[in-house]
Amino acid sequence: MSKQGFTTRQIHADRQLNQPEHGAVHTASTNSVLFEFKDAQGIIDVFQGKQAGHVYGRSSTGSAVALANQINALEGGCGAVCFATGMAAISGLFLALFRQGDHIIVSQYLFGNTRSLMATLSDIGLQISFVDVTSLEAIQEAYQPNTRAVFTETVANPATQVADIQAIGKYCQERQIPLIVDNTMSPPPLFNARDLGASLVVSSLTKFVAGHGNALGGVVVDTGLYDWQAFDNIKPAYQVADPRQWGLTQIKKKGLRDMGATLSPDAAHKIAVGMETLGLRMQRACNNAQQLATFLDNHDKVARVFYPGLADHPQHFIAREQMQNGYGAMLSIDLIDSIDPVAFLNALTLVICATHLGDTRTLALPVAPTIFFESGAQERARMGISETMIRISVGIEDLDDLIADFGQALNQF
Ligand SMILES: *Cc1c(COP(=O)(O)O)cnc(C)c1O
């Protein structure tokens with residue numbers, strides 16, 4: 001099956017991996033919270049992990065597990081677990097795996113809400129060092145004896161810094177610590193986190209994977225590369241069976257069962273349907289983004305374009321090595337000083353002013369006064385975010401229509 005193309009695999013994945021009842025080609029979205037056991041020994045065996053099965057909807061449902069299986073196959077992992085949102089996946093993972101006093105090396109270029117979560121985690125006793133992940137030396141310098149993991153986004157939102165995942169992965173392997181990547185901005189088939197040495201992949205399914213702005217979801221995938229026997233924080237109760245499953249077992253038990261950040265069956269179904277066209281949409285959106293970035297880069301009203309696909313992007317060369325099939329569908333711009341970003345956004349007619357990413361529709365938003373407002377000017381500067389930056393999530397519209405809309409808006413100034 002792995003020899004087949006990406007989209008072929010996607011549209012047959014649910015049917016082949018999950019074998020839905022009655023020959024259905026989709027796993028049913030079952031809303032039962034409880035599961036009956038005709039023989040009481042059955043519920044005992046499932047509770048004790050001797051038998052696979054569902055006992056209660058907060059811990060697992062057929063719909064969420066079916067989606068996790070599909071995403072796991074996509075990433076080539078050894079297991080996956082779905083969450084209610086991308087933030088639930090990130091917070092569930094961190095709270096499940098780390099303890100007070102642990103040190104974690106974290107990218108200084110982070111999605112705003114993740115940055116804010118890191119502040120909460122340091123309030124409760126994790127030590128977080130924010131480093132420039134475009135520099136392996138910076139990561140090496142931040143390492144301490146109590147460092148438990150490195151966490152970075154593949155392509156940072158919104159200023160598009162690209163981390164050298166392969167180099168960081170190799171370093172983490174030497175140190176026997178997991179490399180956790182947030183792959184929201186570069187979902188498969190753009191980026192193969194396992195091939196590049198990531199141990200855990202966390203992603204917001206709300207964005208490109210679901211793709212249509214109609215469902216929230218998140219996922220953690222274990223690529224199977226990390227040896228959990230080297231990780232001090234796995235509870236004895238979860239050190240059972242295959243050590244490759246230890247990390248994910250603890251994440252499931254803590255993140256879903258104890259914290260309750262569970263993906264709803266309806267959302268799982270919507271995400272699975274959206275995912276069927278992930279390859280097609282990424283191809284179209286990445287091509288649109290590349291062409292739009294080039295158009296904007298050549299426009300005299302645009303001062304700067306941030307897009308890894310442009311030859312003058314500071315990490316273009318790393319992006320070229322580690323991203324296949326396109327450089328993503330998000331770019332950011334700074335207009336020339338004389339143009340007010342708010343007036344410019346109001347001049348766009350097709351493009352929607354909204355905070356979201358990875359939609360079929362092209363979206364734009366002023367970054368500093370909205371999603372990074374809480375960070376303050378100093379923090380924004382450190383993240384490479386200018387006060388006038390506009391983030392653009394490029395959709396799958398016909399390219400000419402996008403260029404026409406940006407062109408007419410720029411010509412008004
Ligand atoms: C949106 C986003 C998240 C959070 O995902 P939600 O599903 O909205 O909770 C996490 N990381 C990145 C990089 C994102 O863009």
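Whatever order the structure lists ligands and atoms in, that order sets their numbers, starting from 1.
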Q. T114 to ligand 1: N or O pair under 3.5 Å?
A.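 No: no nitrogen or oxygen of T114 is under 3.5 Å from one in ligand 1.
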(Q) So, regarding G86 and ligand 1 (criterion: nitrogen or oxygen to nitrogen or oxygen, under 3.5 Å), is there a contact or not? (A)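 Indeed, backbone or side chain, G86 has an N or O that close.
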In terms of atom number and element, which parts of ligand 1 are under 4.0 angstrom from non-hydrogen atoms of [X]?
X	value
L357	15 (O)
G217	7 (O)
M87	4 (C), 5 (O), 6 (P), 9 (O)
N157	15 (O)
T206	6 (P), 7 (O)

Q: Look at the rings of H54 and F35 and say which category their plane angle falls in: under 30° parallel, 30 to 60° tilted, over 60° perpendicular.
A: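 Correct class here is tilted.
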Q) How far does CG of N287 sit from OH of Y327, to the nearest 0.5 angstrom? A)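 The OH atom of Y327 is 12.5 Å from CG of N287, to the nearest 0.5 Å.
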Q. Out of curiosity, F191 CZ to M323 CE, how far, rounded to the nearest 0.5 Å?
A.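 Separation between the atoms: 7.5 Å.
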Q: Tell me, please, whether Y226 has R244 positioned over its six-membered ring: NZ or CZ under 6.0 Å from the ring centre and within 45 degrees of its axis?
A: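 Not satisfied by the 6.0 Å and 45° rule.
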Q: With R175 as the cation and Y143 as the aromatic partner, state whether NZ or CZ is under 6.0 Å from the six-membered ring centre and within 45° of the axis.
A: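 The answer is yes, since R175 meets both limits relative to Y143.
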Q) Among the heavy atoms of S203, does any lie under 4.0 Å from an atom of ligand 1? A)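 Flag not set, S203 not near ligand 1.
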Q) Of the options L263, T27, N72, which is the one that meets L67 in a side chain to side chain contact (heavy atoms under 4.5 Å, CB included)? A)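 Between L67 and the candidates, side chain to side chain contact (heavy atoms under 4.5 Å, CB included) is satisfied uniquely by L263.
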Q: Give the single entry among L117, V202, D182 that approaches atom 11 (N) of ligand 1 most closely by any heavy atom.
A: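 Comparing heavy atoms across L117, V202, D182, the nearest one to atom 11 (N) of ligand 1 lies in D182.
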Q) Do Y109 and F130 have their ring centres less than 6.0 Å from each other? A)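 Centroid separation for Y109 and F130: 6.0 Å or greater.
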Q.
Can a donor-acceptor pair be found, under 3.5 Å and without considering hydrogens, that links the side chain of R284 to the backbone of I396?
A.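 It does hold such a pair.
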Q: Measure the distance from atom 1 (C) of ligand 1 to every protein heavy atom, then report the residue, atom name and distance (to 0.1 Å) of the closest one.
A: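 Going by distance alone, atom 1 (C) of ligand 1 is nearest to K207 NZ, 1.3 Å.
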Q. Any idea which protein heavy atom is nearest atom 3 (C) of ligand 1, and the distance to it?
A.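 Looking only at protein heavy atoms, the one closest to atom 3 (C) of ligand 1 is F111 CE2, 3.4 Å.
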